[in-house]
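Quick notes on the structure that follows.
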Amino acid sequence: MNVHDSEKVRGTLIQKGYQQVHAVEQAGLVLYNTCSIRDKAEQKVFCRLANFKKQKAAGKIFGVLGCVAQHKGTEIFDQAPHVSLVCGSASYNDLPALLDRVEAGEQRVEGLRLDTDDTFETPLTRRDNPYKAFITIIEGCDKHCSYCVVPFTRGPERSRSSWSVLEEAERLATQGYSEIQLLGQNVNSYCDPSATGMDFAQLLAAVGRVSGIRRVRFTTSHPRDFTPDIIEAIDDNPVLCDQVHLPVQSGSNRVLARMEREYQREEYLECIRLMKHARRDIAIGTDIIVGFPGETEEDFEQTLSLLDEIEYDSIFSFKYSPRAGTPAANYQDAIPDTEKSRRLALLQEKQRRIQLRRNSALIGREEEVLVEGRRERSGQWIGRTTQNRVLNFSAPRADLSELRGSYCRVRVTGSGPNSLVGVLVAKEAAPAFHGFRILQ
Ligand code: 5AD
Ligand code: SF4
């Protein structure tokens, strides 16, 4: 979501006459987009700002965007006086006006409104990837997980109208994009504000019908709002990818209750059962937090047993990080950091073995991949399967044609915990790309 926000901010700046440069040294204006989901990310921001300080002398203007801007607010001006602008994501529509003030020499310009009904959209979004595009469908979050800072930094849920989402998808398809990832903190609470009144599953299916779009993914979903019609939509429409990310956070009902996740292990397992019984072979991913306050060894064992029971295809796992202003930050029964690290290592090792096993079961299969790039050293192409697995593959020596952006059939010949390897079976001509390409 942050990456896509940066793409939109970039479009907003270009519309205002700015040009993008690729190094801070070359810039007159430096906007730093930030994440505050865990403390480490937030600390990094302040280190980075201190490094930028030396460059203020060169007449540069600095701004801080995103969740740290929203969370810390004007405190940032005190801690880093060389910063002239702080702006949270709910106020990005105000950025052009805020920048006018900064350009006029104003020192402490803030955009910290959360009381907005808007989502932040611009037709000029400058996307990084020429084949796969993010589209925001909902911003903010109305859940109140006791550990999470997002409802405070991104504000309440606001859905974007279905016609505007579909219009953007159609425009992207004409520009040569073939994969779309629908984004939101909680996409399945999507509620169309327009008269069409689509729910999430209907919107998903509608995006899947846009001519030229060959793949549609979505992140992220909340188990509480996960309904069978999402699986039915995937089953019915081959354009919808065989992949669902459904954060569980913990396998223990006691911890889930203290996290205020609004579901129990059994209800979560029911969502998983629906996916496993789908006609399509859906890859399942999740997010897990270890070392939540009061998490006993037995609670943690239940998370480990959930991994064995579900056999996820991928997980993102984190040590619990207390966030100021959230209820859990006041819980007294903190777990020592060394213990959190031990649990995280155990969890990740278990998952590594599961992924090794699951990936090796794919050897011999033929997969369709969207080719995203090439490793110059090994000459291998990098593709992604509908299940979002990375599949690196080689093509016959004689075949030097450009494959980026095309869909190829690849036979899987080997596997590791995080990726597959294979050989090209059949290729398709790369589509002409008419969009904007940022050189990295
Ligand atoms: N500490 C650790 N992980 C967190 N996440 C959210 N808040 C915290 C926190 N305070 C994780 C959750 C969420 C993912 C995006 O980040 O697992 O799903
Ligand atoms: Fe945070 Fe919970 Fe909302 Fe996800 S659903 S953004 S974890 S409050």
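Atoms within a ligand are numbered from 1 in the order they appear, just like the ligands themselves. We count residues from 1, following the sequence as given.
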For P322, is there any backbone N or O sitting under 3.5 Å from a side-chain donor or acceptor partner on T326? no

So if I count the atoms of ligand 2 from 1 in the order they appear, which ones are less than 4.0 Å from some heavy atom of H222? 5 (S)

For atom 9 (C) of ligand 1, what is the nearest protein heavy atom, given as residue, atom name and distance? S321 O, 3.6 Å

May I ask you to establish whether R214 and Y407 are in a cation-pi arrangement, using a distance under 6.0 Å from NZ or CZ to the six-membered ring centre and at most 45° from the ring axis? yes

So if I count the atoms of ligand 2 from 1 in the order they appear, which ones are less than 4.0 Å from some heavy atom of C145? 2 (Fe), 5 (S), 7 (S), 8 (S)

Nearest protein heavy-atom contact for atom 1 (Fe) of ligand 2: which residue, which atom, what distance? C148 SG, 2.3 Å

Give the single entry among R224, R261, K143 that approaches atom 4 (Fe) of ligand 2 most closely by any heavy atom. R261

Counting only heavy atoms not in K40 (residues, nucleotides, ligands), do more than 12 fall under 6.0 Å from its NZ? no

For atom 18 (O) of ligand 1, the closest protein heavy atom turns out to be D287 OD2, 2.6 Å

Ligand 1 atoms nearer than 4.0 angstrom to some heavy atom of R38 are 1 (N), 2 (C), 3 (N), 4 (C), 5 (N), 11 (C), 16 (O)

Considering only non-hydrogen protein atoms, determine which one is nearest to atom 3 (Fe) of ligand 2 and report residue, atom name and distance to 0.1 Å. C141 SG, 2.3 Å

F318 heavy atoms, cut-off 4.0 Å: which ligand 1 atoms fall inside? 3 (N), 11 (C), 14 (C), 16 (O), 17 (O)

Min over P247, G184, P151 of heavy-atom distance to atom 8 (S) of ligand 2 lands on P151

Just verifying a value: how many Å separate N186 CG and S221 OG, rounded to the nearest 0.5 Å? 7.5 Å

R154: heavy atom below 4.0 Å from ligand 2, yes or no? no

Can you tell me how far the CG atom of L356 sits from the CD atom of Q351, to the nearest 0.5 Å? 10.0 Å

Can any side-chain N or O of R160 pair as donor or acceptor with the backbone N or O of T136 at less than 3.5 Å? yes

Under 4.0 Å from a heavy atom of Y147: which atoms of ligand 1 are those, numbered in the order shown and with their elements? 6 (C), 7 (N), 8 (C), 10 (N)

Where is the nearest protein heavy atom to atom 2 (C) of ligand 1: which residue, which atom, and how far? K319 O, 3.4 Å

Structural part of I37 in contact with ligand 1, heavy atom criterion under 4.0 angstrom: both

Under 4.0 Å from any heavy atom of R323, which atoms of ligand 1 are there? 10 (N)

For R48, I'd like to know if atom CZ has over 12 heavy atoms of other residues, nucleotides or ligands within 6.0 Å. no

More than 12 heavy atoms of other residues, nucleotides or ligands under 6.0 Å from CD of E298: is that the case? no

Using modelled atom types only, decide if a donor and an acceptor are shared between the side chain of H71 and the backbone of A324 within a distance under 3.5 Å. yes

What atoms in ligand 2 come closer than 4.0 Å to a heavy atom of Q185? 6 (S)

Under 4.0 Å from a heavy atom of Y147: give me the atoms of ligand 2 that qualify, with their elements. 7 (S)

Show your working on side chain to side chain donor-acceptor pair (under 3.5 Å) between S252 and D299 and close with a plain yes or no. CA-CA 5 Å; S252 150; D299 293 322; 2.8 Å; yes

Side chain, backbone, both or neither: the part of Q249 lying under 4.0 Å from ligand 1 by heavy atom: side chain

Whether the N33 and S6 side chains hold a donor-acceptor pair (N or O, under 3.5 Å, no angle test) is what I'd like checked. yes

